[in-house]
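Position 1 is the first residue of the sequence; numbering continues from there. Since the model is a prediction, treat every value here as computed from it, not as a measurement.
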Amino acid sequence: VGARPTLEITGIAGGYYGAGFKTVIPQKAIAKISCRLVANQDPDTIVGLLDQHIQHITPPTVKAELVKLGGGRWAQMDITNPMMQAAVEAYNEGWGYEPMFMREGGSIPIVAHMQEHLNAPVVMMGFGLNTDNLHAPNEHFSLDHFKRGIQTSIHFIYNIAK
């Protein structure tokens with residue numbers, strides 16, 4: 001899933017919210033959705049296409065409105081950049097292994113913004129495992145990885161200074 005576009009329903013609401021039970025026909029329903037964009041997808045274009053599809057499938061007796069709450073452009077790291085190579089060397093020094101580069105998805109809009117407006121390389125270094133359950137129930141991060149991450153970061157800063 002990491003390098004594919006996604007559309008997730010992150011919340012649904014409608015009907016009666018108060019204490020107790022009531023049989024009511026909801027006047028309004030809300031669905032919150034999120035889309036992960038991939039290379040060459042423009043947020044405004046995707047919102048327009050999504051709105052067009054929602055309007056197309058909405059029955060004539062129902063009013064549907066899409067409200068954009070935020071958005072960010074896709075970003076891709078240049079693994080041949082000297083800064084990234086300094087990170088590779090740092091991982092080798094901190095962990096004893098070179099990192100494996102994988103295309104993965106995430107939502108960090110500032111990364112593309114920094115690449116575009118600062119014209120500077122962005123290096124993202126992770127120290128957790130896929131099994132750490134990031135942003136999920138029972139999220140965890142081992143102290144050993146925390147300490148190795150600190151050492152790797154120190155090596156990275158040293159390598160950049162070289």
Any Gln151 side-chain heavy atom under 4.5 Å of Ile154 side chain: yes
Side chain to side chain, Ser153 and Phe127, heavy atoms closer than 4.5 Å: yes
Within 6.0 Å of CE in Met124, more than 12 heavy atoms from elsewhere: no
Enclosure of Ile57 CD1 (heavy-atom neighbours >12, cutoff 6.0 Å): yes
Least distance between heavy atoms, Pro109 atom then Gly72 atom: CB-CA, 3.8 Å
Distance-minimising heavy-atom pair for Met125 and Thr152: CE-CG2, 3.7 Å
Leu66 side chain near Val47 side chain, heavy-atom distance below 4.5 Å: yes
Backbone N/O of Ala86 and side chain of Asn159: donor-acceptor pair under 3.5 Å: yes
Atom pair CG (Leu134) and NE2 (His140), whose distance is rounded to the nearest 0.5 Å: 9.0 Å
Parallel, tilted or perpendicular: rings of Phe141 and Phe146 (30°, 60°): perpendicular
Trace of the ring pair (Phe, Tyr, Trp, His ring centres under 6.0 Å) decision for Trp95 with His145: CA-CA 9 Å; Trp95 294 83; His145 285 203; 5.1 Å; yes
Ile110 CD1 to Gln115 CD distance, which is reported to the nearest 0.5 Å: 11.0 Å
Atom pair CD1/OG1 of Ile54 and Thr58 - distance to nearest 0.5 Å: 7.0 Å
Modelled atom types, side-chain donor and acceptor of Asp144 and Ser142, under 3.5 Å: no
From OG1 (Thr80) to CZ (Phe101), nearest 0.5 Å: 9.5 Å
Within 6.0 angstrom of Leu7 CG, more than 12 heavy atoms from elsewhere: yes
CG on Asn40 to CH2 on Trp74, rounded to 0.5 Å: 4.5 Å
Nearest-0.5 Å distance, CG of residue Leu50 to NZ of residue Lys68: 11.5 Å
Close side-chain approach of Ile160 to Ile157, heavy-atom, < 4.5 Å: no
Greater than 12 external heavy atoms within 6.0 Å of Ile25's CD1: no
Residue pair Pro5 / Arg36, side-chain heavy-atom distance below 4.5 Å: no
Exam field: side chain Asn133 to backbone Ala136, donor-acceptor pair closer than 3.5 Å: no
Same apolar cluster (I L V M F W Y, side chains within < 4.5 Å links), Met84/Leu118: yes
Within-4.5 Å side-chain heavy-atom neighbours: Met77 and Val122: yes
4.5 Å side-chain heavy-atom contact, Thr6 and Cys35: no
Asp51 and Gln55: side chain donor to acceptor below 3.5 Å: yes
Worked check of salt bridge (charged side-chain N to carboxylate O under 4.0 Å, His left out) between Glu89 and Lys162: CA-CA 12 Å; Glu89 189 178 331; Lys162 289 193 299 186; 2.8 Å; yes
Nearest heavy atoms of Met83 and Pro121, plus distance in Å: CG-CG, 3.7 Å
Short side-chain to backbone donor-acceptor contact, Tyr16 and Ala19, under 3.5 Å: yes
Flag side-chain contact, heavy atom, 4.5 Å: Leu37 against Arg73: no
Closest contact, heavy atoms only, Gly14 versus Pro26: C-CB, 4.3 Å
Any donor-acceptor N/O pair, Asp132 side chain to Leu129 backbone, under 3.5 Å: yes
Verdict with supporting geometry, Glu98 and Tyr91, side chain to side chain contact (heavy atoms under 4.5 Å, CB included): CA-CA 6 Å; Glu98 288 190 4; Tyr91 272 99; over 6 Å; no
Lys/Arg N to Asp/Glu carboxylate O, Lys32 vs Glu8, below 4.0 Å: no
Aromatic ring pairing His117/His113, orientation class (parallel under 30°, perpendicular over 60°, tilted between): tilted
Cluster overlap Met102 with Ile79, hydrophobic side-chain contacts below 4.5 Å: no
